[in-house]
Amino acid sequence: MDIPLVEERPFRYRIDRRDPMRVPGVVFATPELLPQATGDKALEQVVNVATLPGIVRASFAMPDVHWGYGFPIGGVAATDVDAGGVISPGGVGFDISCGVRLLAAGIDREPLAPKMRRLMDILGDTIPRGMGRGGLWKLSGPAQMEDLLVGGAGYAVEHGHGVPRDLDRCEDRGALPGADPSHVGRRAVERGLEQVGSLGSGNHFLEVQAVDRVYDEDTAARFGLHDGQVCVMIHCGSRGLGHQVCGDHVRVMDQSLRAYGIRLPDRQLACAPVVSPPGRDYLGAMAAAANYGRANRQLLAEAARRAFATAAGAGLDLVYDVSHNTAKIETHEVDGARRSLCVHRKGATLALPPGHPDLPRDLAGAGQPVLVPGTMGTASYVMTGTAGNDAFASACHGAGRVWSRHQALRRVRGEQLRDDLESHGIAVRPSSWRGLAEEAPGAYKDIDAVARATEGAGLARPVARLVPLGVVKG
DNA sequence: ATGTCC
């Protein structure tokens, strides 16, 4: 199916509403970044999402949009809670609260260079990763899990895994409110007990990076960043626990569609009204899984701190921790009225503008750090939220896949990729050759083009560009 | 993304 696009202005395309769409689609992109050019079905998914009950303004797609489960990855959809608006697990994603944490090291790349080998060896030996496997913090049982699911990163800090200042630099201070562990199933809890503090696999990683360009000195300084500085970027989520929560609630909602009179073009959009038992149950379970993901990143950051202390005698200050797979109840102005919305961001990053009340005080003038990981061979970006973002304060979350994992495996060999990266001065500590090949830089869109489009579309603006020095791959 | 099919 060919989706007609109207170029409203550079970096912004509209898909006109036609039945059964309730709102138009809006795709932020350049011609090169449009998924039609890359042969995936993401634009059909943008259209499908536009049919959801209660959706307002538009079904949005970020410049890194690509095909996903039901909703596109890089999609943003807000539904009106008080007008029959729905919540859909597919609009959050299987990896609930998957997100990025950036830490700024008290060392620059030149003095770190002679110590990099040892640092990477320690990280490679101590960061749990890969399918299954264990985590850094084995919980005592379901009772302790319940506390972690409510407390998130703060619960980890209370138990000595980090410092209180970390929470100042976490979205929602490290815990999404409304977590209800009673709707996290037994199997989800079991899967999660031994995975707190682990990367997982796929596109997850821990990278040592360096700032190679600063676009805005003042904002970078407020974020604690300067040219040449070493950073650590962590990308991971809620592991088997979040996956199980998503699957469990998709099944329930799929069975309740008829009862709520919801008709969908794709069963993967399974949903329920926010104000319904299945809707509320999922939101409570999703918040709990989100808090698991946030605690997970807190534990991994602590492991990175230990490695830096040992190998480099340097500390790591948290710049920010932000999720890009969530649904949050937020207040936004729509058609001149303040409305309570359920904002689904799936592969899309919250991007609060300067002055937003949810920002920590010392970032009020700078805006929220928007963390945009590239690939292991290319740059990553630190951006900041801007005023006038009509996609409910959302921005891109990464480069966005263009090759399927299968295509990547046909084109790339893991050992060869490792050699290529090492020859470019990037140290690699893989978890599997196959996993490495699937995540080859060529499998992704051009991150610099994605960042330019994100800025051009008025979603966020660049603050600093980071380049990889070493990657610990999930 | 995911004990890559309970």
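- Screening residues 119-131 of chain A for salt bridge (charged side-chain N to carboxylate O under 4.0 Å, His left out), with sequence neighbours left out, gives A:R117-A:D121, A:D121-A:R429.
- Taking a 4.0 Å limit (strictly below) on heavy-atom distances, residues 235-247 of chain A reaches DNA chain B at A:R239, A:G240, A:H243.
- Listed by first and then second residue, the salt bridge (charged side-chain N to carboxylate O under 4.0 Å, His left out) pairs that reach into residues 137-161 of chain A are A:K138-A:E194, sequence neighbours excluded.
- Remark: P of B:dT2 and CZ of A:R434 are 14 Å apart, rounded to the nearest angstrom.
- Atoms CD (A:E190) and C1' (B:dT2) sit 16 Å apart, rounded to a whole Å.
- Among the protein residues, A:Q195 comes within range of the sugar-phosphate backbone only, with heavy atoms under 4.0 Å from sugar or phosphate atoms but none that close to a base.
- Residue pairs meeting the side-chain hydrogen bond (donor to acceptor under 3.5 Å, both in side chains) criterion with at least one member in residues 270-293 of chain A, sequence neighbours excluded, are A:H183-A:D281.
- Counting to the nearest Å, the P atom of B:dT2 and the CE atom of A:M131 are 7 Å from each other.
- At B:dT4, none of the side-chain N or O atoms of A:S201 fall inside 4.0 Å of OP1 or OP2 (strictly under the cut-off).
- With sequence neighbours excluded, the residues satisfying salt bridge (charged side-chain N to carboxylate O under 4.0 Å, His left out) with A:R294 are A:E171, A:D172.
- Between A:P128 and A:R133, every side-chain heavy-atom pair lies at or beyond the 4.5 Å cut-off.
- The interatomic distance linking A:R251 (CZ) with B:dC6 (P) rounds to 10 Å, in whole Å.
- Distance CG (A:N325) to C1' (B:dT2): 13 Å, rounded to an integer number of Å.
- Atom-to-atom, CZ of A:R129 to C1' of B:dT2 comes out at 18 Å; the value is rounded to the nearest Å.
- Scanning for side chain to side chain contact (heavy atoms under 4.5 Å, CB included) contacts around A:H406 gives A:S404, A:R410, with sequence neighbours left out.
- Spacing between atom CG of A:L199 and atom P of B:dT2 amounts to 10 Å, rounded to whole angstrom units.
- Rounding to whole angstrom units, CD of residue A:E439 and C1' of B:dT4 are separated by 14 Å.
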